[in-house]
Amino acid sequence: MELSKLIAQAGIIGCGGAGFPTHIKYEGNQIETILINGAECEPLLQTDRYLMRTYARALIEASDMLLKETKARQCIIVLKASYKREVEALQSAITVCESRVSLHLLDSFFPAGDEQTIVYEVTGKVVPPAGIPLMAGCVVSNVATLYGIYEAMEGKAFTHKYLTITGEVVAPTIARVPVGLPVNQCLELAGGTQIEDYMVVDGGPMMGRVMTREEADTAYVTKTMSGLIVLSKENPVVQRSQISVKHMKNRAASVCIRCSLCTQMCPRALLGHPLLPHRIMQKWSLAGEENEIFGDPDIRAAALCCFCGICEIYACPMGLQPRAINAYIKKELTSQGIRYETGEKEGQALPERTWRKVPATRVAARAGVLKYEKIEMNECLKEPEKNMCKMVYMDLHQGIGAASEPLIKSGEWVEEGQLIAVCPPGKIGSALHASISGIATIGESGITIEAQERQTAGKDC
């Protein structure tokens, strides 16, 4: 079977970002270079490192298959030079498999894992503003996504996630859990929390979504979830997330010193994109009616932001939040149907980019999570016992594109790995498979599966 169809049938979406359906990336014939992102962009997250150490041969075999199917010129796994054990494992697998895959080693800077940064670091090409890597002849896939492709080659659907669970937990660990498992059960795999009054970050400390304890108690694992970080309410990551947009605007209008450090340190601006956070801050904070400035080219350039957080966590001497403001503006532009027109010409990175790369350790320190950065994850993968997985809730909208449409009815018995929902015809989206066996209930926006013994499941058995 054609590999892109196999990937689509397995329901694989990007594990390292917004969740773009992976099969679409590999359907074209314009691919020159396949880049496998093993740089693990965010501080604290170690899932990709675990996968590279543990499943190096599987990753190389999947990479070779991608090369064969796409007829790309090269496939390069990109990771940090400081990942000594991972480099050794991958290099050994390349030798054993007599693979054409090569490694590209990066310095430990942030955001090394940004896909447009990786394209430039490896190829020297700049992806046009608002463009995609394919415009530079590249496709970028995360390591966890690549492992999902390997499992698809083995006949397995995308039903489980590998997560980093760290922070204020008893035993930080890497866990493999069913998609849809309650977040609070994931925390139990790490021995539970060490504090009573906590918040949980879905993702990394720089770009992740901060949830209250109550929100975490009703949250479920998604295909795009990469980690869970338990933090106290006093942690700077949590404190920054609590500032309202109105307060951000008032602070920007009153204390921004127009230093432009946010722009000088911006990874996308350093790639030559016309993103100027300091101008966005000034114009937005001083505007009367917001709608009056949405036609301004500087304001519209907020759509080019990768939301890495360097501007607000590392660059701004006044503690302002250009990243959060860019995110707010982009959301407003999207709601009004205003899109940034994709540039067609390759840009040129600024010469000063070389010495403005921010060391990853300093980013972790500024973010307020350095104490967790050096935690060694338990090498023994944690998985929930079967009797723990009593229920999963699988959202029908797992990533970019349209929500999946159920193929089953409420009350039906489903087997783990069974196809239960598909992308609507003519839409961009992904398939969804049952992550445990049990009785399914169709809700307005998701499917709940309650684990039961098959013989007690009712007439459908």
Side-chain angles (χ1 to χ4, degrees), residues 1 5-13 15 19 21-22 47 51 55 58 144-145 147-163 165 173-190 217-225 228 380-399 403-423 429-461:
M1 181 187 293
K5 292 182 179 177
L6 193 68
I7 293 170
Q9 287 185 7
I12 300 169
I13 64 176
C15 295
T22 302
T47 308
L51 292 173
Y55 303 114
T145 307
Y147 187 68
I149 293 173
Y150 172 79
E151 290 198 312
M153 291 163 50
E154 295 290 300
K156 299 176 183 177
F158 188 178
T159 59
H160 285 66
K161 280 292 296 185
Y162 288 84
L163 301 176
I165 306 175
T173 191
I174 304 295
R176 179 181 180 270
V177 301
V179 173
L181 190 72
V183 163
N184 52 20
Q185 290 188 31
C186 295
L187 300 183
E188 291 175 17
L189 292 174
D217 283 343
T218 58
Y220 302 87
V221 173
T222 64
K223 290 184 179 183
T224 57
M225 187 175 283
L228 294 167
C380 298
L381 182 71
K382 295 292 183 68
E383 296 191 61
E385 299 289 339
K386 286 292 184 182
N387 59 7
M388 254 188 83
C389 301
K390 297 179 180 178
M391 183 274 289
V392 296
Y393 173 78
M394 309 186 74
D395 199 310
L396 290 169
H397 195 267
Q398 289 280 337
S404 301
E405 295 179 344
L407 292 175
I408 57 174
K409 297 178 181 179
S410 291
E412 282 190 29
W413 170 272
V414 296
E415 291 282 353
E416 180 180 330
Q418 178 182 332
L419 181 65
I420 58 175
V422 294
C423 175
S430 61
L432 192 63
H433 300 77
S435 59
I436 65 171
S437 299
I439 297 296
T441 302
I442 312 300
E444 184 176 340
S445 57
I447 299 175
T448 300
I449 303 174
E450 295 184 63
Q452 293 186 25
E453 293 294 331
R454 184 69 186 261
Q455 61 267 25
T456 63
K459 62 181 180 180
D460 288 331
C461 299

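Numbers for residues simply follow the sequence, beginning at 1. It should be emphasised that the depicted structure is a prediction, and the values quoted were computed from it without experimental measurement.
Taken from OG1 in Thr173 to CG in Leu187, the straight-line distance is 12.0 Å, to the nearest 0.5 Å. Thr22 contributes atom OG1, which lies 8.0 Å from atom CZ of Phe158 (distance to the nearest 0.5 angstrom). With rounding to the nearest 0.5 angstrom, the CE atom of Met153 is 9.5 Å from the CD1 atom of Ile7. Between Glu154 atom CD and Ile149 atom CD1 the span is 13.5 Å, to the nearest 0.5 Å. In this structure, CD1 in Ile12 is found 8.5 Å from CD in Glu151, a value given to the nearest 0.5 Å. Interatomic distance, NE2 of His160 versus NE2 of His433, reported as 13.5 Å (0.5 Å rounding).
Nearest heavy-atom pair, Tyr393 versus Ser445, reported as atom, atom and distance to 0.1 Å: OH-OG, 3.2 Å. The shortest non-hydrogen separation linking Gly180 to Tyr220 is O-CD2, 3.1 Å. When all heavy atoms of Asn184 and Asp217 are compared, the pair lying nearest together is ND2-O, 3.6 Å. Across all their heavy atoms, Ala431 and Ala8 have their closest contact at CB-O, 3.9 Å. In terms of heavy atoms, Asp395 sits closest to Leu432 at O-CD2, 3.8 Å. Annotation for Cys186 and Leu163: closest pair SG-CD1, 4.2 Å, computed over non-hydrogen atoms.
Of the possible donor and acceptor atoms, none in the side chain of Ser435 sits under 3.5 Å from a partner among the backbone N and O of Pro178. Thr159 contributes no side-chain N or O that, together with a main-chain N or O of Ala434, makes up a donor-acceptor pair within less than 3.5 Å. One N or O on the side chain of Thr145 and one on the backbone of Cys15 form a donor-acceptor pair closer than 3.5 Å. Between the side chain of Gln185 and the backbone N or O of Pro182 there is no donor-acceptor pair closer than 3.5 Å. Counting only distance, with no hydrogens or angles, the side chain of Lys223 and the backbone of Ile13 share no donor-acceptor pair below 3.5 Å.
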Dump the intermediate steps for side chain to side chain contact (heavy atoms under 4.5 Å, CB included) on Leu407 and Ile420, then the final yes or no. CA-CA 5 Å; Leu407 292 175; Ile420 58 175; 5.9 Å; no

Under the side chain to side chain contact (heavy atoms under 4.5 Å, CB included) rule, what do Ile447 and Leu396 come out as? Steps first, then yes or no, please. CA-CA 7 Å; Ile447 299 175; Leu396 290 169; 3.9 Å; yes

Walk me through whether Lys382 and Ile165 qualify under side chain to side chain contact (heavy atoms under 4.5 Å, CB included). CA-CA 10 Å; Lys382 295 292 183 68; Ile165 306 175; over 6 Å; no

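With no hydrogens or angles considered, a side-chain donor-acceptor pair links Glu415 and Ser437 at under 3.5 Å.
Using the six-membered ring where Trp is involved, Tyr55 and Tyr162 have ring planes that are perpendicular, over 60° apart on the 30 and 60° scheme.
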